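Here is the structure we will look at, set down as structure tokens.
Note that this is a predicted model, so its numbers are computed, not measured. Atom set for the values below is all heavy atoms of this structure, side chains included, hydrogens, waters and symmetry mates excluded.
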Amino acid sequence: MIEVKERTRRKTKAIKSSPEMIGEQVTVNGWVRTHRAQKTFSFVELNDGSEVSNLQIIIESKTPGYESLLEKLQTGAAISVIGTVVESPGKGQSVEVHATRFSIIGEAPSDYILQKKRHSFEFLRTIAHLRPRTNTFGAVSRVRSAMAFATHKFFQERDFAYVQTPLITASDCEGAGEMFSVSTLDKSNPPKNKDGSIDFSQDFFGAEAYLTVSGQLNGEAYAQALTDIYTFGPTFRAENSNTSRHLAEFWMIEPEMAFADLETVMDLAEDYLKYLVSYAMTKCTSDIEFFNKFIDKELIERLTHVIGTPCTRLSYTDAIEILKNCKKKFEFPVSWGTDLQSEHERFLCEEHFKGPVILYNYPKDIKPFYMRVNEDGKTVAAMDLLVPGVGELMGGSQREERLDILLKNMEAHDLDKETYDWYVDLRRYGSTPHGGFGLGFERLVQYVTSMENIRDVSAFPRYPKHAKF
Ligand code: 4AD
Ligand code: MG
């Protein structure tokens, strides 16, 4: 084996996008996508994941070790190449690398499963550890990374402080009872109270504890000191929904602003969405073009339209009227007071308005305890942002900042006073009108890539019966 010692490690993307590198000697590492051997030289398509397209490497038969290494130049093998960057005479690429030396770093025998053929996304889910080596999953990963960076950039530029809220909690923010419990008690023989129930005072945290469904309540505490904050972290929901939009573990971004009303929250939601979409369009150009070509031919057109068009804003009550009066037959009937189903949300943004829609002022009875009650006493200052293809991308509200009304809401929701006492304190001392929203990060990645299933935009998705890898 030929040892490659040079430290001038270059990514294929840098080589291909820097014409000034022509003539330069570089070291480039990556995995063989394909290899074609001719009489006097070989073509290798090399990919290192820095962008979707490959770098062409030409290895002449007089290159040291050529004969002995040829059979190891298999699809999937990791190789290191030292060579010169030259202008490419071939179609489809501007530069290629002429190898002067190369070595096989890690072999991939012919049982390597990702040979040059198409695999279904369903199959690729069963090899989640290898699928980032495919074009689609490489592109998804890069867009996801860019969206995370854009999120921090957006909020930091607006002076929002990044707060890391806890993943283990005692409270159920959304009140839907969809929490995974966290316990170190012996499952087969837990300590019991006199009445036969489990004695959680002997558990690790001295009380029942769960994985968080949302960082919002903790985020509110910090907004009441720093004015504008955001969280960005994993959240967990034990909802048994096998849909293309739900995961048991997903990442959420939750901004929270003090001295803010619902209008301010909706403005922020819309600005943030547009910022993310334009960031994807300008910084992930080749990946977005890839998705436009292979996944959804209307993607670029749709994203471009979003950037330049104000989001439709519409009250829940008006949305119900539209749904009742439209010709479409829905599986679930529509009436004021019921929660909108995915089919209703999608009809509104995909067929009726053909773009992002913000719905606001939902019935009080279908929403969590913390939302601010409107003057009418029937609705709360909630908002959801819906986008075509995905449905609900963000959900938020103005929070109930009035102590007496919050206490009443808690009672109506049957919440334990002691558990939420710290949260109520935020209304006892220096309370302010405030609000925010949560954006489901995987749904955002679905939206900007047009990937149909949420399980294909999370690196190692967690959903019912699936926690492998
Ligand atoms: O609407 P949700 O439940 O709102 C909250 O959790 C609030 N505490 C947020 C806030 O106001 N700070 O969730 C927010 C978003 C949804 O709009 C959706 O995009 C995403 O989180 N989401 C999920 N994504 C993937 N899998 C699931 N099971 C999801 N549940 C919600
Ligand atoms: Mg919601």
Side-chain angles (χ1 to χ4, degrees), residues 151-152 154-155 158 160-180 209-239 247 249-262 264-266 268-269 272 358 360 362 364 366-373 380-385 392-403 405-407 409-410 413 415-416 419-427 430-444:
T151 289
H152 285 298
F154 175 84
F155 287 112
R158 283 158 186 75
F160 282 60
Y162 176 31
V163 177
Q164 293 86 12
T165 49
L167 301 193
I168 298 175
T169 177
S171 47
D172 181 2
C173 176
E174 295 306 296
E178 292 167 338
M179 304 200 291
F180 291 102
Y210 310 93
L211 293 179
T212 191
V213 297
S214 159
Q216 178 198 319
L217 305 185
N218 307 83
E220 283 184 52
Y222 271 72
Q224 295 301 352
L226 304 181
T227 304
D228 292 335
I229 66 97
Y230 68 108
T231 71
F232 186 1
T235 47
F236 308 86
R237 302 216 177 163
E239 53 189 329
L247 288 172
E249 177 179 311
F250 63 98
W251 283 60
M252 186 150 59
I253 293 112
E254 297 184 272
E256 190 71 32
M257 300 177 285
F259 309 102
D261 61 9
L262 186 65
T264 316
V265 174
M266 293 195 280
L268 182 75
Y272 177 39
I358 299 179
Y360 59 89
Y362 281 75
K364 179 172 157 230
I366 56 169
K367 289 292 182 185
F369 78 99
Y370 56 73
M371 293 191 177
R372 190 179 198 278
V373 182
V380 284
M383 65 118 221
D384 273 4
L385 188 148
E392 181 191 334
L393 176 64
M394 308 183 198
S397 74
Q398 188 174 335
R399 321 303 185 192
E400 185 54 77
E401 85 284 12
R402 298 161 294 188
L403 178 62
I405 303 180
L406 180 70
L407 289 172
N409 290 349
M410 285 174 54
H413 282 86
L415 294 187
D416 178 45
T419 307
Y420 295 89
D421 198 46
W422 65 272
Y423 182 71
V424 177
D425 262 357
L426 304 174
R427 279 68 179 171
S431 188
T432 73
H434 65 288
F437 59 82
L439 171 140
F441 190 55
E442 284 75 13
R443 291 193 188 173
L444 166 73

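- Distance check, rounded to the nearest 0.5 Å: CD1 of Ile253 to CG of Leu444 gives 7.0 Å.
- Atom CZ in Phe236 sits 4.5 Å away from atom CD in Glu249 (nearest 0.5 Å).
- Looking at Glu174 and Lys367, no side-chain N of the basic residue comes within less than 4.0 Å of a carboxylate O on the acidic one, giving no salt bridge.
- No side-chain N or O of His434 forms a donor-acceptor pair with one of Glu401 less than 3.5 Å apart.
- For the atom pair SG of Cys173 and CG of Asn218, the computed distance is 8.5 Å after rounding to the nearest 0.5 Å.
- Side-chain atoms of Asn409 and Glu400, non-hydrogen and from C-beta on, do get closer than 4.5 Å to each other.
- The two residues Val265 and Gly435 make their nearest non-hydrogen contact at CG2-C, 3.6 Å.
- For the pair Ile229/Phe160, no side-chain contact is recorded, criterion being any heavy-atom separation below 4.5 Å from C-beta on.
- Between Phe232 atom CZ and Glu254 atom CD the span is 11.5 Å, to the nearest 0.5 Å.
- The aromatic rings of Phe369 and Tyr420 lie perpendicular to each other, with more than 60° between the two planes, well past the 30° mark.
- Counting heavy atoms from C-beta outward, Tyr360 and Leu262 have side chains that approach closer than 4.5 Å.
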Q. Can Tyr162 and Tyr230 be said to form a ring-ring contact (aromatic ring centres under 6.0 Å, His included), step by step?
A. CA-CA 5 Å; Tyr162 176 31; Tyr230 68 108; 5.2 Å; yes
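- The closest side-chain heavy-atom distance from Met252 to Phe441 is not below 4.5 Å.
- Using the six-membered ring where Trp is involved, Phe155 and Tyr272 have ring planes that are tilted, between 30° and 60° apart.
- Residues passing the salt bridge (Lys or Arg N to Asp or Glu O under 4.0 Å) test with Arg158, sequence neighbours excluded: none.
- In this structure, the separation between OG1 on Thr264 and CG on Asp228 is 10.0 Å, given to the nearest 0.5 Å.
- By the 4.5 Å heavy-atom criterion applied to side chains, Ile358 and Asp384 are not counted as neighbours.
- Side chain of Arg402 to main chain of Arg427: no donor-acceptor pair is present (N/O by atom type, distance under 3.5 Å, no hydrogens or angles).
- The minimum heavy-atom distance linking Val424 with Leu407 is given by the pair CG1-CD2, 3.9 Å.
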Q: Please step through side-chain contact (heavy atoms from CB on, under 4.5 Å) for the pair Gln164 and Thr231, ending with a clear verdict.
A: CA-CA 6 Å; Gln164 293 86 12; Thr231 71; over 6 Å; no
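- Put simply, the side chain of Arg443 gets close to the backbone of Glu392: a donor and an acceptor are under 3.5 Å apart.
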Q: Begin with the C-alpha distance, continue with both residues' side-chain angles, and end with the deciding distance and a verdict on salt bridge (Lys or Arg N to Asp or Glu O under 4.0 Å) for Glu256 and Arg399.
A: CA-CA 10 Å; Glu256 190 71 32; Arg399 321 303 185 192; 2.8 Å; yes
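- Under the 6.0 Å distance and 45° angle rule, Arg372 does not count as a cation-pi partner of Tyr370.
- Between the side chain of Gln216 and the backbone N or O of Gly438, no donor-acceptor pair lies under 3.5 Å.
- Side-chain contact between Met383 and Gln398 is absent, with no heavy-atom pair separated by less than 4.5 Å.
- Using a 4.5 Å cut-off on side-chain heavy atoms (C-beta onward), Phe154 and Leu268 make contact.
- Here the CG-CE distance, from Leu439 to Met394, works out to 5.0 Å after rounding to the nearest 0.5 Å.
- Side-chain contact of Gln224 with Thr432: a donor-acceptor pair under 3.5 Å is present, judged by distance alone.
- Counting only heavy atoms from C-beta outward, the side chains of Val213 and Met179 approach each other to under 4.5 Å.
- Listed here is the closest heavy atom pair of Ala209 and Ile168: CB-CG2, 4.1 Å.
- Nearest heavy-atom pair across Ala382 and Ser397 is CA-CB, 3.8 Å.
- Smallest separation of non-hydrogen atoms from Pro234 and Leu167: O-CD2, 3.5 Å.
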